[in-house]
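None of the values given here were measured: they were computed from a predicted structure. Chain naming here is simple, since letters A, B, ... match the order of the sequence lines and numbering starts at 1 in each.
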Protein chains: 2
Amino acid sequence: MPDHTRPPDKRATIYDVAAEADVSPSTVSRAFSRPSRVNSETAERVRQVAERLGYRTNPLARALTTSRTRMIALVIADITNPVYAGIVRGAQETAMHDEYTTVLIDAQESDRLERAAIERTMSTVDGIVLASSRMSDSAIRMFAKQRPVVVLNRAVADVPCVVTDNPRGVRRAAEHLGELGHDHITYVAGPQASWPNGIRWRSLLEAGMELEIKVRQIGPFSPTIEGGERAAEELRARPATAVLAFNDQMAIGLIRGLTRMGVDVPGDVSIVGFDNTLAADIVTPGLTTVAAPFYAEGSAATRHLLTMIEGAPGHAGRPMVLPVRLVVRHSTAARRSAGRARQWVRQPPAPDPAAHRS
Amino acid sequence: MPDHTRPPDKRATIYDVAAEADVSPSTVSRAFSRPSRVNSETAERVRQVAERLGYRTNPLARALTTSRTRMIALVIADITNPVYAGIVRGAQETAMHDEYTTVLIDAQESDRLERAAIERTMSTVDGIVLASSRMSDSAIRMFAKQRPVVVLNRAVADVPCVVTDNPRGVRRAAEHLGELGHDHITYVAGPQASWPNGIRWRSLLEAGMELEIKVRQIGPFSPTIEGGERAAEELRARPATAVLAFNDQMAIGLIRGLTRMGVDVPGDVSIVGFDNTLAADIVTPGLTTVAAPFYAEGSAATRHLLTMIEGAPGHAGRPMVLPVRLVVRHSTAARRSAGRARQWVRQPPAPDPAAHRS
DNA sequence: CTGAAAGCGCTAACAG
DNA sequence: CTGTTAGCGCTTTCAG
């Protein structure tokens with residue numbers, strides 16, 4: 001069993017290579033500098049000697065002089081949420097392609113944790129991608145003053161942002177429901193502090209106006225399956241024939257809650273989610289949902305960050321907007337007659353006594 | 001818009017603090033050393049001056065002299081797989097608690113990528129947790145010689161390992177199916193290279209022996225929903241009444257594929273999965289599955305790694321084993337008569353319900 | 001293109 | 001407990 005108390009074997013340094021190749025340390029340094037601006041045969045020979053000695057440039061020492069670590073931080077709100085998998089991978093691959101390493105920080109939905117983690121990491125990274133940050137705009141701007149920062153899924157003034165086309169996604173959902181004969185859409189809200197939540201509701205208001213569909217909002221609820229189930233309870237008191245949920249998890253909770261109450265989805269109620277997570281395809285009925293290009297989000301944000309790190313100005317004007325699309329499955333259907341639609345409230349409630357009020 | 005071409009404001013160094021507090025740099029250094037072994041009033045004053053100057057110790061410079069970065073790497077096979085969310089969080093929180101930062105590496109199921117990423121990162125971290133590594137034992141041992149390494153979900157000789165109690169999980173599943181009257185279990189295998197896949201099959205062989213249940217294996221299939229659907233196809237030719245799948249994803253694919261073929265789950269076939277991912281609770285019928293303590297896995301592996309980093313020997317004897325439990329839902333039921341069970345192959349396939357369009 | 005010299009910010013030996 | 005003196009491994013002037 002190896003003893004790790006002290007570094008087992010000292011790695012070859014630039015001096016070892018220099019001695020072996022009979023050149024000065026600077027020459028070795030130059031042979032490994034990036035972009036490799038040296039192509040002399042000496043440099044080539046140095047590289048071969050280095051290879052033979054198993055020399056690897058020490059990123060820490062390099063960082064100390066260049067103040068560039070070739071690491072970036074990716075902060076996500078909740079690693080448990082599958083939407084971040086695509087973002088992480090997009091960011092990671094983009095970073096890796098440019099030989100950057102990604103430090104992942106899971107904020108666990110906590111403003112405080114997020115700040116603390118960033119504060120500790122900031123000096124070690126060349127830049128930060130903030131995906132669905134829970135911090136205040138001013139806190140974000142403060143960090144952005146010290147390091148290049150790109151914000152994802154949120155618009156923050158004076159900081160470069162990447163968002164998906166929420167208005168268009170909501171619009172497409174509303175159109176879809178309208179075509180199915182629904183003249184009223186209930187928005188089941190997610191966390192009040194969530195930026196997408198706000199814009200989705202506002203977009204629905206707008207779409208409702210244009211498409212002559214009435215809209216209303218219930219909530220906020222937690223953006224989870226349980227949250228959706230609680231929303232289903234509330235819907236019992238104020239029925240609807242068409243529901244747009246803040247995200248897939250809530251939509252799934254709604255389906256589950258309503259089904260348990262004896263309400264048929266989509267027969268009695270059509271439900272649309274947001275995100276197109278894997279679960280949307282697993283639940284019964286399959287969930288109609290607005291798909292966001294997660295991989296592209298992570299990738300775009302990171303690419304932008306990298307150009308800023310390389311010295312680009314970092315255009316902080318309006319956010320970069322990524323397209324979305326509506327994925328139609330089986331949780332949406334033509335509206336039944338108004339009478340029938342109303343009926344489900346009167347269905348005998350499934351074994352759940354707590355739910356009868358007035 | 002801030003210009004990030006050069007670091008905007010030089011941060012205060014140890015020298016600035018020393019000058020301001022009228023002490024030597026070493027005194028400042030000591031005031032910030034860990035564990036803070038200095039409690040003199042001088043040290044306290046130094047800290048206050050530092051606070052006022054906004055001084056933060058530069059981890060890079062510190063690392064250069066101590067060769068300790070207080071960072072660890074966590075390598076996972078596939079960030080898309082929800083199984084890793086819990087592991088990541090467990091690892092992260094444990095690391096954070098000891099003020100370590102976690103670098104997440106997504107190997108994307110690729111041996112090559114995994115190696116490359118580790119090679120680039122190794123010198124920057126104090127230790128590595130390898131969760132479901134796809135590398136060869138010898139490659140892992142090679143890394144383990146250079147840095148403390150803990151392996152998760154796999155047993156590698158001479159390297160500390162953390163695994164879940166696969167034999168017990170399989171045994172519980174087999175007992176459960178046996179109690180339901182099943183005398184034959186088909187194992188639907190995952191990737192051949194996967195260590196858990198091997199041990200699960202071997203455990204099933206053993207359990208079958210003891211419980212007098214016949215077992216057989218089909219596959220390997222890809223450990224995804226699609227893989228499970230393909231397995232369902234294969235089951236058509238060689239029907240079964242009880243199936244143990246390598247993981248939940250495959251089990252869900254099986255449910256979906258069989259259902260589409262007109263086979264009733266659990267009426268005709270009982271299905272058990274592995275992992276107890278969120279999806280197991282979403283699919284219809286709810287999936288009976290072996291639950292693993294992901295958070296605890298990540299946490300235990302990291303805790304062990306940290307003790308090794310602090311100089312502990314790193315007991316590489318037998319792996320540390322974490323308990324599992326069987327979560328019974330609705331995908332398993334009492335076996336029908338043998339005749340009935342055979343029948344399902346001849347059912348006409350239902351129309352494909354998964355017709356997506358955008 | 002190459003070499004010499006100076007230092008990035010911090011810690012680790014020593015003395016006192 | 002504190003100060004002094006050397007570096008950690010690399011990059012970066014500045015000369016040649």
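- Between B:Asp16 atom CG and C:dC8 atom C1' the separation is 13 Å, expressed in whole Å.
- We find that B:Lys145 and B:Asp158 are not joined by a salt bridge, their nearest charged nitrogen and carboxylate oxygen being 4.0 Å or further apart.
- No side-chain donor-acceptor contact under 3.5 Å links B:Arg147 to the backbone of B:Ile128.
- Considering only heavy atoms from C-beta on, A:Leu130 stays 4.5 Å or farther from A:Phe143 through its side chain.
- Take the nearest nucleotide of DNA chain D for A:Thr13 and for B:Asp22: the residue whose nucleotide is more 5' is B:Asp22.
- Distance CZ (B:Phe32) to C1' (C:dA12): 18 Å, rounded to an integer number of Å.
- With hydrogens and angles ignored, no donor-acceptor pair under 3.5 angstrom links the side chain of A:Arg56 to the base of D:dG9.
- If you check distances only, the side chain of A:Tyr15 never reaches the base of D:dC8 with a donor-acceptor pair under 3.5 Å.
- Put simply, CZ on A:Arg11 is 17 Å from P on D:dC8, counting in whole angstrom units.
- At D:dC8, none of the side-chain N or O atoms of B:Ser67 fall inside 4.0 Å of OP1 or OP2 (strictly under the cut-off).
- Considering only side-chain N and O atoms, B:Ser29 lies under 4.0 angstrom from the phosphate OP1 or OP2 of C:dT11.
- Of the charged side-chain nitrogens involved, none lies within less than 4.0 Å of a carboxylate oxygen, so that A:Asp98 and A:Arg303 do not count as a salt-bridged pair.
- The phosphate of D:dT11 (OP1 or OP2) has no side-chain N or O of A:Thr65 nearer than 4.0 angstrom.
- Within 4.0 Å (heavy atoms only), B:Val23 reaches sugar-phosphate atoms of the nucleic acid but no base atom.
- The main-chain N or O of B:Ile79 is found under 3.5 Å from a side-chain atom of B:Asp106 such that the two form a donor-acceptor pair.
- Look at CZ on B:Arg30: it is 7 Å from C1' on D:dG3, rounded to the nearest Å.
- In this model, a side-chain donor or acceptor of B:Ser26 finds a partner on the base of D:dT4 within 3.5 Å.
- At whole-Å resolution of the value, CG in A:Asn58 and P in D:dC10 are 6 Å apart.
- Look at CZ on B:Arg62: it is 18 Å from P on C:dC8, rounded to the nearest Å.
- One interatomic measurement links the two molecules: CD1 of B:Ile14 to P of C:dT11, which rounds to 5 Å at whole-angstrom precision.
- When each of B:Ala61 and B:Pro25 is assigned the nucleotide of DNA chain D with its nearest heavy atom, B:Pro25 is the one assigned upstream, toward the 5' end.
- Atom-to-atom, CG of A:Leu60 to P of D:dG7 comes out at 20 Å; the value is rounded to the nearest Å.
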